[in-house]
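Heads up: the structure comes next, in structure tokens.
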Amino acid sequence: MNFIFGIYGFHVTQPIVLDGLCSIKPRTSDHRQAEEWAKDSKTYHLTATIETHSIPNDFLFNLEAILSFIENRDVLILDAVKNNTSTELPLFI
């Protein structure tokens with residue numbers, strides 16, 4: 001079963017594959033749009049999804065901390081959707 005997690009507030013425009021763990025797929029490849037969503041100080045916008053078959057227990061916590069450090073602001077990772085679709089993730093929170 002695939003799991004899909006939502007990433008909110010991370011500026012990304014190209015897919016990222018983490019060797020054997022997961023792939024991060026951006027919501028858009030438009031740099032300006034991704035930057036606008038990531039830098040919005042009033043709302044957390046869905047900027048990417050993580051797709052994986054399985055994930056270690058502390059991986060998401062650590063990834064959220066690393067992405068927050070990179071962005072120098074909070075980045076949130078929303079709980080998994082278990083039916084192989086990202087359409088159930090809210091576009092902003």
Side-chain angles (χ1 to χ4, degrees):
M1 171 181 286
N2 284 345
F3 293 93
I4 299 175
F5 299 83
I7 301 177
Y8 294 81
F10 180 58
H11 184 188
V12 59
T13 58
Q14 298 294 318
I16 301 169
V17 177
L18 301 177
D19 191 32
L21 267 177
C22 66
S23 61
I24 298 175
K25 297 183 179 182
R27 184 172 160 206
T28 183
S29 60
D30 182 324
H31 176 76
R32 287 190 180 121
Q33 182 65 66
E35 183 175 39
E36 182 180 317
W37 287 335
K39 303 293 182 197
D40 188 342
S41 62
K42 297 179 184 173
T43 305
Y44 289 96
H45 293 268
L46 178 68
T47 54
T49 57
I50 299 172
E51 296 183 13
T52 185
H53 295 295
S54 66
I55 210 157
N57 288 340
D58 60 348
F59 177 77
L60 290 177
F61 174 79
N62 291 332
L63 181 60
E64 191 175 69
I66 291 166
L67 297 180
S68 293
F69 178 79
I70 290 169
E71 287 291 323
N72 199 25
R73 57 181 290 129
D74 286 340
V75 172
L76 304 177
I77 298 178
L78 196 68
D79 290 342
V81 176
K82 296 178 184 169
N83 63 354
N84 297 333
T85 178
S86 60
T87 58
E88 292 185 18
L89 290 165
L91 296 179
F92 56 88
I93 51 175

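Residue numbers start at 1 and run along the sequence shown.
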- Message: Could you walk me through whether Leu78 and Tyr44 satisfy the side-chain contact (heavy atoms from CB on, under 4.5 Å) test, starting with their C-alpha distance in whole Å, then the side-chain angles of each, then the deciding distance to 0.1 Å, before giving a yes or no?
- Response: CA-CA 11 Å; Leu78 196 68; Tyr44 289 96; over 6 Å; no
- Between Phe5 and Cys22, is a side-chain contact (heavy atoms from CB on, under 4.5 Å) present by the stated rule, with each step listed? CA-CA 10 Å; Phe5 299 83; Cys22 66; over 6 Å; no
For [X], check side-chain contact (heavy atoms from CB on, under 4.5 Å) against everything at least two apart and list the hits.
{"X": "Phe61", "answer": "none"}
{"X": "Thr28", "answer": "Asp30, Gln33, Ala34, Trp37"}
{"X": "Asn57", "answer": "none"}

Minimum heavy-atom separation for [X] and [Y], please, with both atom names.
{"X": "Gly9", "Y": "Val75", "answer": "O-CG2, 3.7 Å"}
{"X": "Ile4", "Y": "Glu51", "answer": "CG1-CG, 4.0 Å"}
{"X": "Leu46", "Y": "Gly6", "answer": "CD1-CA, 3.7 Å"}
{"X": "Arg73", "Y": "Ser41", "answer": "NH2-CA, 4.0 Å"}
{"X": "Val12", "Y": "Thr47", "answer": "CG1-O, 4.0 Å"}
{"X": "His45", "Y": "Asp40", "answer": "NE2-OD2, 2.8 Å"}

Between [X] and [Y] (side chain of the first, backbone of the second, donor and acceptor by atom type, cut-off under 3.5 Å), is there such a pair?
{"X": "Glu35", "Y": "His11", "value": "no"}
{"X": "Thr52", "Y": "Phe3", "value": "no"}
{"X": "Ser23", "Y": "Val17", "value": "no"}

- Tell me, do Arg27 and Thr49 make a side-chain contact under 4.5 Å, heavy atoms counted?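 Contact flag for Arg27/Thr49 side chains = no.
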- Message: Once rounded to the nearest 0.5 Å, what's the spacing between atom CG of Leu63 and atom CG of Asp58?
- Response: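 Interatomic distance, Leu63 CG to Asp58 CG, rounded to 0.5 Å: 11.0 Å.
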- From Ile50 CD1 over to Ile77 CD1, what is the distance, rounded to the nearest 0.5 angstrom? 4.0 Å
